[in-house]
Protein chains: 2
Amino acid sequence: MDALHPEVAGEFGPLTKYVGYALRRAQLKVFQDFIDTLGELDLRPAHFSVLTVIDANPGILQSRACAALGIQKANFVPLLDGLQRRGLLRRVALNGRANGLHLTDEGRKLLARARRLHDRHERRVLGVMSALERKRLIATLSRIAGLDEVSPRAAPAAARRSPSGSAAAPRRGSAAKRSP
Amino acid sequence: MDALHPEVAGEFGPLTKYVGYALRRAQLKVFQDFIDTLGELDLRPAHFSVLTVIDANPGILQSRACAALGIQKANFVPLLDGLQRRGLLRRVALNGRANGLHLTDEGRKLLARARRLHDRHERRVLGVMSALERKRLIATLSRIAGLDEVSPRAAPAAARRSPSGSAAAPRRGSAAKRSP
DNA sequence: CGGCTTCATTATGGGATATAACCATGAAGC
DNA sequence: GCTTCATGGTTATATCCCATAATGAAGCCG
């Protein structure tokens, strides 16, 4: 990969000064390393984050979990399907329509292994970055992402970007149990 | 500053301490704002970066440009097609197989407008971040992305990730002119 | 000339994500 | 008790981004 040395710097032009561009390149690099590292467990970044959230909040609702992760509920379903099929988590019916999410023992075990790999991954990716620098980086990124905003406790959950919002049209679907 | 508020922090678990996760969320946020902001020009991030590189390197080869940007040449083609169709750039045949890329006047004009919008976008996304903080952020991200590595002048171009690499299969294709 | 390499292209598939439509259940109102 | 509405989950579909494989043709070099 080319990059910023004087000679090559010209190729990028002002691009090297744009935060967005640096962000994209860094993100691609980090994700690639993540995938390579956790590949042996067949865990992609999204899987890892889902397991982490469920582990930290046993019994959490699907809707709440995917809202926290910023994943559309529609996309969350096949994700959970996959993890459930692998025996890593269970959907426990709460009342006929809501599911509480729980890790299985196997899920917890895999997550533990994943965390160890993840540590190695972070160390490799961050290279010789001081703890302070790392902390500052996370703080800055979280601020940019708006992750440090005040509690969305009673927040409208899906207040992302739909001014009108409502759609109340009834349809057909089903909170149907997947694993009867 | 561990980002999150106490209440919500629980939902994320250790996720708030992972650089990769913060990176992803920040990147999504920034790109969304970019798209919203430059939407009126119908420019996506990739388009903008391509125009920027060509503007800074008139006549640059396709292969060189896409290598610099970390884009696969195969994916680069339709990207250029689109921009060319819009009259923003021209492919100038150098010798029958290689194309030099140039912005048209219209391309330069659009890029200028885009830059103004981009400035607004960055200011909005970075909020009240000091110039120093911004600079440090870019430096850190560039280091993570490996963008600060030493010049790959004569580097093998496609040295990304194929240990075996070779495939010496014969081909058939065509640098065929698109705009004869 | 003949083989290898380079440049550009086409075709194709996977992964992630957004949206819309939809069923069911539970909660609220009359 | 029945209607109305919001909630939780699911399906289906389209799009975007990116990666790989294979191809065509031109240039390079002995």
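Since the model is a prediction, treat every value here as computed from it, not as a measurement.
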Would you check if B:Pro14 and A:Thr52 make a side-chain contact, meaning some heavy-atom pair closer than 4.5 Å? yes
To the nearest angstrom, the CZ-P distance between A:Arg97 and C:dA27 comes to 7 Å
When rounded to whole Å, the CD to C1' distance for the pair B:Gln32 and D:dC16 reads 12 Å
Between NZ of B:Lys73 and P of D:dT20 the distance, given in whole Å, is 12 Å
Side-chain N or O of A:Arg64 less than 4.0 angstrom from OP1 or OP2 on D:dG9?
no
In whole angstroms, the gap separating P of D:dG9 from CG of A:Leu80 amounts to 9 Å
Whole-Å distance, B:Leu28 CG to C:dT17 P, equals 7 Å
From CZ of B:Arg25 across to C1' of C:dA16 the rounded distance in Å is 15 Å
Under 6.0 Å between ring centres: does that hold for B:Phe34 and B:Phe48? yes
Of A:Arg24 and A:Leu61, the one whose nearest nucleotide on DNA chain D sits closer to the 5' end is A:Leu61
Exercise for the section: Please determine if a side-chain N or O atom of A:Arg44 lies less than 4.0 Å away from the OP1 or OP2 oxygen of C:dA16. Expected result: yes
- Task: Give a yes/no answer on whether the side chain of B:Gln72 brings an N or O atom under 4.0 Å of OP1 or OP2 in D:dC18.
- Result: no
*asked:* Tell me whether the side-chain N/O atoms of B:Ser63 come closer than 4.0 Å to OP1 or OP2 in C:dA8.
replied: yes
Check your understanding: In this structure, are over 12 heavy atoms from other groups packed under 6.0 Å from A:Arg113 atom CZ?
Key -> no
*asked:* Students often get this wrong, so: under 4.0 angstrom with heavy atoms, is B:Ala74 touching a base, only sugar-phosphate, or nothing?
replied: base
Q: Answer yes or no: does a side-chain N or O of B:Gln62 lie under 4.0 Å from OP1 or OP2 of C:dT6?
A: no
Does a sphere of radius 6.0 Å around CZ in B:Arg86 hold more than 12 heavy atoms from other residues, nucleotides or ligands, not counting ones at 6.0 Å or beyond? yes
- [ ] Assess whether atom CZ of B:Arg108 is packed by more than 12 heavy atoms of other residues, nucleotides or ligands within 6.0 Å.
- [x] yes
By nearest-nucleotide position on DNA chain C, the 5'-leaning member of A:Ile71 and B:Asn75 is B:Asn75
A:Lys29 NZ to D:dC18 C1', in whole Å, measures 17 Å
pair_partner(C:dC30), Watson-Crick or wobble, both distances < 3.5 Å, evaluates to D:dG1
B:Ile60 CD1 to C:dT6 C1', in whole Å, measures 16 Å
